[in-house]
J.: 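I'd like to ask some things about the structure below.
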Amino acid sequence: MRHRWFGRLLATNLAASFALRTAFWLQAALMALNNLMFFCFWWVLFTRFEEIRGWAVGDVAVLFGVAAAGYGATAVLFGGMHDLARQIDDGELDPLLTQPKSVLLQAIASRTRPDGWGDIVSGLVLVGISGRVDATTIVLLPLAIVLSATVYASAIVALHCTAFWFGRTHASIRTLSDMLLTFSVYPPHLFGGAMKVLFFTIVPAAFVSHLPVAIVREFSWPTLGLALLGAVAYGGIALFAFHRGLRRYESGNRFGVRG
Amino acid sequence: MTPRGIGNVVRKAAVLARVAARHRLSQRAAAIGRAVTYAIMLFVFSRLWSVIAAAYPGTSPPADRVLWYIAITEWIVLSMPQMHGDIQDELRAGDLLYRLTRPIAYPWARLGEGLGDLVVRMGLLGIAGFGFAYLLTGTVPLGARELAWVVPLGVLAASVGVVFELAIGFTSFWLHDCRPVYWIWQKGLFLLGGLLVPLSLYPEWLRAIAVWSPFAAILHGCGTLALGEGEPLLVGLRLLAWFAIGLGLVALVFRRGLAQLDGGGG
């Protein structure tokens with residue numbers, strides 16, 4: 001029942017974003033171009049230095065591709081999540097509380113971002129041209145993207161939930177989100193032990209890209225188990241933070257019409 | 001416009017710049033956020049270049065100089081205020097019509113505000129960037145001459161960026177959303193400007209294209225001071241040329257856009 005409602009919500013969102021067709025294609029295409037141009041940084045670097053700590057250009061293409069596709073999936077499915085703290089702070093959850101559906105899903109999934117499609121397509125293109133995909137890894141790729149998207153969305157939702165306790169936290173949330181994205185698109189081998197602790201905890205870049213990519217590059221059951229555990233744990237943290245926070249939520253006392 | 005007229009516009013824009021600078025100074029949380037982002041970028045690239053230096057000894061330019069190069073290019077990029085969104089909102093909401101009646105033309109008022117904002121950002125991030133780069137490399141590879149030039153050239157470079165930001169904002173006269181144009185500009189800075197890799201490490205054909213772009217003038221020009229390669233006067237002259245071209249572009253785009261603007265009610 002719940003996924004039928006979610007499916008309809010998604011279909012409505014997609015229809016709405018397709019309504020402005022030129023804007024949709026322009027935003028998606030330019031985001032794809034944006035990502036491919038960013039990847040040129042690595043291409044330039046690897047034309048000079050063949051390998052960096054065992055990582056070649058193809059490996060970085062898979063890393064960047066999985067992270068971009070995962071991020072894109074969250075932008076398409078949960079386009080409202082980057083606005084969650086503002087909704088909480090401005091008391092905009094009021095109309096959602098009266099609905100018989102999940103407040104969190106309504107808050108984050110009632111909007112979609114067309115540029116997310118550009119991220120998904122460019123991510124898949126990068127993985128495709130990486131030369132690291134074969135018959136086995138192509139089966140694992142959707143799983144890697146789903147895991148990446150789940151942890152990224154959960155981490156962002158958990159961060160935004162701090163607004164329930166601390167009010168206007170937009171600037172710090174933005175900084176931490178940027179930090180997560182930044183560390184997700186650089187090879188983990190560049191960083192030492194202390195940073196790795198950070199990647200498995202506060203800034204979960206390990207679960208957003210490093211482990212999902214390891215599943216595709218060199219599959220092992222322990223890696224898959226750890227990645228799944230991370231996705232379940234971060235999903236749980238996000239749900240717990242939102243529902244605990246919702247108890248502290250104060251109404252905006254505003255009248256408005258929700259379209 | 002007569003020299004006196006230009007003087008009047010500059011004076012009015014300077015007043016707006018002071019107001020914008022004071023406003024920016026009051027936004028401490030955003031400034032801290034930008035400084036943290038700056039520190040993270042420098043940390044990531046210090047790791048990357050130290051790994052490269054360890055794997056490929058004798059790499060030129062040396063890792064510490066490359067990090068200072070990135071500190072300069074990131075300082076310029078992070079300091080530029082993103083004005084295109086505000087301009088787009090004003091155009092869409094029709095607020096532009098109210099601003100047209102003010103005693104200074106809208107583009108120059110916006111330029112004044114942007115430059116005021118820029119100067120404060122550059123001051124704060126400049127201090128932070130110098131400290132971060134020194135902490136990460138333990139050295140300052142710029143000589144006294146380069147250090148004396150890097151601040152004025154950095155401010156001039158970022159000012160060229162602000163002028164082009166205005167032109168991007170004015171594309172909202174025709175486009176529903178000017179962000180895609182901004183993304184192209186941003187990636188131009190990234191790739192052709194040599195934001196994270198000095199152009200001297202680029203393949204020859206790409207470097208030949210990049211050096212003729214405003215992007216290389218804005219970022220790579222100042223960055224080369226850290227590599228001990230740049231000629232400050234030449235860098236400054238190229239920036240002034242792009243500043244003049246940018247102003248011309250802003251005036252042209254704004255005039256064309258205004259000519260086809262329809263105002264209704266209010």
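Below, chain A is the first sequence line, B the second, and so on; all start at residue 1. Just so you know, these numbers use all the heavy atoms, side chains as well, and skip hydrogens, waters and symmetry mates.
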J.: Tell me, side chain or backbone of A/Tyr186 under 4.5 Å from chain B's heavy atoms, or both, or neither?
T.: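 For A/Tyr186, the side chain is the part near chain B, not the backbone.
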J.: Taking side chain as everything from C-beta outward and backbone as N, CA, C, O, which of these in A/Trp42 sits under 4.5 Å from a heavy atom of chain B? Side chain, backbone, both or neither.
T.: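 Contact with chain B: side chain only.
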J.: In terms of heavy-atom proximity below 4.5 Å to chain B, should A/Arg174 be classed as side chain, backbone, both, or neither?
T.: neither
J.: Tell me, do B/Pro203 and A/Trp43 make a side-chain contact under 4.5 Å, heavy atoms counted?
T.: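 A side-chain contact exists here, since the closest heavy-atom pair is under 4.5 Å.
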J.: Could you list which of residues 195-207 of chain A have a heavy atom closer than 4.5 Å to any heavy atom of chain B, in residue-number order?
T.: A/Met195
J.: Would the number of heavy atoms belonging to other residues, nucleotides or ligands and lying under 6.0 Å from CH2 of A/Trp25 be above 12?
T.: no
J.: What part of B/Leu201 is in contact with chain A, defined as an atom under 4.5 angstrom from a non-hydrogen atom: side chain, backbone, both or neither?
T.: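 Backbone plus side chain of B/Leu201, per the 4.5 Å heavy-atom cut-off to chain A.
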J.: If you count the non-hydrogen atoms of other residues, nucleotides and ligands that lie under 6.0 Å from CZ in B/Arg92, is the total more than 12?
T.: yes
J.: Which value, rounded to the nearest 0.5 Å, describes the distance between B/Trp49 atom CH2 and A/Leu190 atom CG?
T.: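 Between B/Trp49 CH2 and A/Leu190 CG, I get 12.0 Å after rounding to 0.5 Å.
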J.: First locate atom CG of B/Leu192, then atom SG of A/Cys40, and finally report the distance between them rounded to the nearest 0.5 Å.
T.: 9.5 Å
J.: Checking B/Arg34 against chain A: side chain, backbone, both or neither under 4.5 Å from a heavy atom?
T.: neither
J.: Considering only heavy atoms, give the residues of residues 29-37 of chain A separated from chain B by less than 4.5 Å, sorted numerically, with 'none' for an empty result.
T.: A/Leu30, A/Met31, A/Asn34, A/Met37
J.: Please state whether the side chain, the backbone, both or neither of B/Ile32 comes within less than 4.5 Å of a heavy atom of chain A.
T.: neither
J.: What residues of residues 50-64 of chain B sit under 4.5 Å from chain A when only non-hydrogen atoms are counted?
T.: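 Answer by number: B/Val51, B/Ile52, B/Tyr56, B/Thr59.
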J.: Tell me, side chain or backbone of B/Leu48 under 4.5 Å from chain A's heavy atoms, or both, or neither?
T.: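 It is both, since atoms from each part get that close.
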J.: Is it true that atom CH2 of A/Trp117 has more than 12 heavy atoms of other residues, nucleotides or ligands lying nearer than 6.0 Å?
T.: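 No, CH2 of A/Trp117 has 12 or fewer neighbouring heavy atoms, counting only those of other groups under 6.0 Å.
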J.: Considering heavy atoms only, which positions within residues 115-136 of chain B lie below 4.5 Å of chain A?
T.: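 Under the 4.5 Å heavy-atom cut-off, nothing qualifies.
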J.: If you define the side chain from C-beta out and look only at heavy atoms, does anything of B/Leu191 sit under 4.5 Å from A/Phe41?
T.: no
J.: With side chain to side chain contact (heavy atoms under 4.5 Å, CB included) as the criterion, how do A/Asp115 and B/Trp183 come out once you've worked through the C-alpha distance, each side chain's angles and the decisive distance to 0.1 Å?
T.: CA-CA 11 Å; A/Asp115 49 304; B/Trp183 292 340; 4.0 Å; yes
J.: Kindly compute the distance separating CZ (B/Arg47) from CD1 (A/Ile52), expressed to the nearest 0.5 Å.
T.: 12.5 Å
J.: Using non-hydrogen atoms only, which part of A/Leu176 is less than 4.5 Å away from chain B: side chain, backbone, both, or neither?
T.: neither
J.: Go through the atoms of B/Phe45 and report whether side chain, backbone, both or neither lie under 4.5 Å from a heavy atom of chain A.
T.: side chain
